[in-house]
Amino acid sequence: MELKLAFAGFGNVAREFARLLLSRQQLLAEQYGLTWQIKGIATKTAGCITSDASLPLRDVMQRLESKNRLEGLPDTLAVKDTESFIEACDADILFETTPLNHTDGEPAATYIRKAFKRGINVVTANKGPIACAYQELQALAENHRVQFRFEGTVMDGLPIFNLQEFCLPAITVRGFSGILNSTTNYILTGMEAGRPFAECLIEAQRLGIAEANADYDLDGWDAAVKAVALANVLMDAGLHPRDVRPQGIRGINNYEIAKAREEGKAYRLVASARRTFGSGVQLEVAPQLVAFDTPFFNCKGTSSLLILDTDLMGEIALLEIHPRLTQTAYALLSDMIRIHEKMNCLPQS
Ligand SMILES: NC(=O)c1ccc[n+]([C@@H]2O[C@H](COP(=O)([O-])OP(=O)(O)OC[C@H]3O[C@@H](n4cnc5c(N)ncnc54)[C@H](OP(=O)(O)O)[C@@H]3O)[C@@H](O)[C@H]2O)c1
């Protein structure tokens with residue numbers, strides 16, 4: 001089947017995904033019978049365009065990399081903004097990769113709603129809508145008989161949501177704990193090697209893993225929003241980031257880290273969730289002292305870790321070692337393949 005693809009946001013993640021689309025074009029066609037054409041791209045500053053034909057992906061990327069606007073590409077129509085773009089675009093899947101807003105998930109949540117109402121499936125890498133409006137968006141997708149996939153939102157391409165959906169039928173997730181923020185983990189493990197906090201932070205910024213406003217990492221908000229997204233999907237928690245009071249890593253100094261080290265322990269910023277009496281879910285994000293014989297101790301640098309506590313499979317640990325952008329782009333690719341598989345099974349209207 002040929003899929004018509006559209007993009008709201010075309011920054012680092014979407015461009016890396018576009019590179020995967022090009023490099024895996026033949027494999028997708030041969031292994032899955034999946035071909036694609038690009039029906040439109042919306043950005044904030046480089047314009048929004050749609051096309052009746054297929055947009056030339058390489059030309060689009062070249063234009064954006066040389067800071068040129070998208071309007072003017074042959075056989076395209078310029079649209080005034082992203083909402084009008086979603087109204088106008090003839091697409092099977094919208095890839096939503098606009099920047100995170102952790103307070104209300106907007107404007108991404110609005111884009112996703114609009115797409116669903118037009119019968120367009122959505123893949124997002126943006127955790128804002130999952131943390132702020134997951135239950136509502138999932139119900140809307142079901143009402144409009146479209147698919148909503150978001151594997152890249154929490155741990156890049158590591159299959160967490162797919163693991164639960166496809167590999168753990170009839171399992172209840174009772175809770176989880178994990179190291180979900182790379183910047184703070186990079187700083188804490190750097191300090192273990194005796195380096196000062198400020199130097200480790202600058203290095204994290206240089207590597208491009210820190211948020212534009214690093215306070216968001218340091219104060220535990222990034223980990224909190226990811227934990228809310230996990231709890232909403234895996235535990236049907238119905239939580240919002242405002243329900244969490246994260247504690248960050250600013251209070252931890254090199255002396256405390258060295259002292260912990262002498263005792264065979266280390267500090268990690270741990271996000272955890274557990275069911276409370278009744279049907280509630282309680283989340284906590286705070287630094288914890290972890291012992292050398294735990295998976296937390298050996299999760300270092302930019303790696304991340306998630307331990308699921310399940311009723312029938314006990315504890316399952318997922319460790320992602322030093323992820324790069326390709327992993328997030330792969331999440332979009334795997335979500336696209338899932339949508340394609342399901343579309344192939346459904347009677348076409
Ligand atoms: N980077 C990662 O490693 C990573 C990993 C997992 C998840 N994510 C999530 O993935 C999303 C994208 O990340 P990124 O690194 O690709 O960000 P990015 O490089 O900053 O790209 C964001 C893109 O969104 C566009 N944009 C901004 N506001 C828009 C709007 N209202 N309508 C349409 N387009 C809009 C920007 O356009 P302009 O360039 O014109 O401003 C840009 O093309 C974020 O939600 C992020 O949290 C990122």
Side-chain angles (χ1 to χ4, degrees), residues 6-20 40-50 60-61 63-71 78-89 94-115 122-133 149-161 180-183 186 204-205 207-213 216-217 221-226 228-230 241 302-304 320 322-335:
F7 292 83
F10 208 73
N12 295 313
V13 171
R15 285 182 219 181
E16 185 68 11
F17 172 60
R19 286 181 207 106
L20 280 188
I41 293 176
T43 69
K44 187 167 186 187
T45 58
C48 306
I49 54 168
T50 63
V60 167
M61 289 203 283
R63 271 190 181 232
L64 292 175
E65 262 138 44
S66 46
K67 307 273 177 234
N68 286 323
R69 291 184 64 82
L70 292 171
E71 294 96 341
V79 187
K80 78 170 164 34
D81 57 25
T82 308
E83 290 200 38
S84 329
F85 166 82
I86 297 168
E87 284 300 328
C89 204
L94 176 75
F95 291 90
E96 193 289 310
T97 59
T98 64
L100 168 70
N101 171 347
H102 73 275
T103 55
D104 59 8
E106 295 293 351
T110 296
Y111 300 155
I112 295 170
R113 284 184 200 103
K114 271 200 172 296
V122 173
V123 171
T124 184
N126 185 344
K127 56 190 170 279
I130 310 299
C132 301
R149 305 212 69 86
F150 37 78
E151 190 61 80
T153 51
V154 176
M155 285 171 88
D156 313 299
L158 194 75
I160 311 166
F161 303 121
L180 305 176
N181 178 261
S182 314
T183 302
Y186 187 84
Q205 288 168 323
L207 290 173
I209 56 170
E211 290 290 330
N213 175 0
Y216 177 72
D217 294 309
W221 278 108
D222 179 71
V225 174
K226 286 176 174 164
V228 172
L230 285 174
T302 57
S303 299
S304 49
E320 187 176 42
H322 306 311
R324 290 169 302 126
L325 198 54
T326 312
Q327 270 89 331
T328 307
Y330 171 70
L332 270 58
L333 188 81
S334 71
D335 283 346

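For ligands, and for the atoms within them, numbers begin at 1 and follow the listed sequence. For reference, positions follow the sequence shown, starting with 1.
- Summary of contacts: the protein heavy atom closest to atom 12 (C) of ligand 1 is T97 O, 3.2 Å.
- Protein heavy atom closest to atom 33 (C) of ligand 1, with residue, atom name and distance, is T82 OG1, 3.1 Å.
- Closest to atom 4 (C) of ligand 1 among all protein heavy atoms lies V13 CG2, 3.8 Å.
- The number of heavy atoms from other shown groups lying within 6.0 Å of CZ (R324) does not exceed 12.
- With hydrogens left out, the protein atom closest to atom 20 (O) of ligand 1 is P99 CG, 4.8 Å, a heavy atom.
- Using the six-membered ring where Trp is involved, F150 and F161 have ring planes that are perpendicular, over 60° apart on the 30 and 60° scheme.
- If you check which protein heavy atom lies closest to atom 46 (C) of ligand 1, you get A125 O, 4.4 Å.
- Contact between G128 and L100 at its shortest, heavy atoms only, is N-CD1, 3.3 Å.
- The G9 neighbourhood of ligand 1 comprises atoms 23 (C), 24 (O), 25 (C), 33 (C), 34 (N), 43 (O), with distances under 4.0 Å to a heavy atom of that residue.
- The main-chain N or O of V123 is never found under 3.5 Å from a side-chain atom of R149 such that the two would form a donor-acceptor pair.
- Protein heavy atom at the shortest distance from atom 31 (N) of ligand 1 is Y111 OH, 2.9 Å.
- Those atoms of ligand 1 that come under 4.0 Å of a heavy atom in T328, given as number and element, are 5 (C), 6 (C).
- Residues K127 and D222 are in side-chain contact: their nearest non-hydrogen atoms beyond the backbone lie under 4.5 Å apart.
- Not a single N or O atom of A8, backbone or side chain, sits closer than 3.5 Å to an N or O atom of ligand 1.
- Of all the heavy atoms in R69 and R63, the pair that sits closest is O-NH1, 2.9 Å.
- Contact annotation: for T153 versus ligand 1, there are no heavy atoms closer than 4.0 Å.
- Regarding atom 37 (O) of ligand 1, its nearest protein heavy-atom neighbour is K44 N, 3.1 Å.
- Near F10, the atoms of ligand 1 lying under 4.0 angstrom from a non-hydrogen atom of the residue are 23 (C), 42 (C), 43 (O).
- Those atoms of ligand 1 that come under 4.0 Å of a heavy atom in A46, given as number and element, are 40 (O).
- In this structure the side chain of T97 never reaches within 4.5 angstrom of the side chain of F7, judged on heavy atoms.
- E83 places a side-chain heavy atom less than 4.5 Å from the side chain of T110.
- Shown here for A14 and G9, the closest heavy-atom pair between the two residues is CB-O, 3.6 Å.
- Per-atom contact check: atom 17 (O) of ligand 1 does not touch the protein, criterion being a heavy-atom distance below 4.0 Å.
- Residue N126 approaches ligand 1 through these ligand atoms, each under 4.0 Å from one of its heavy atoms: 45 (O).
- Under 4.0 Å from ligand 1, the heavy atoms of L325 that appear belong solely to its side chain.
- For the pair E211 and W221, the minimum side-chain heavy-atom distance is 4.5 Å or more.
- Looking from atom 45 (O) of ligand 1 to the surrounding protein, the closest heavy atom is T98 O, 2.8 Å.
- In plain terms, the two heavy atoms of T82 and T43 that are nearest each other are OG1-O, 4.4 Å.
- Taking all heavy atoms of G208, A14, G11 into account, the minimum distance to atom 23 (C) of ligand 1 is reached by G11.
- Using a cutoff of 4.0 Å between basic side-chain nitrogens and carboxylate oxygens, R113 and E106 are scored as salt-bridged.
- Atoms of ligand 1 lying under 4.0 Å from any heavy atom of G152, numbered from 1 in the order shown and given with element: 6 (C), 7 (C).
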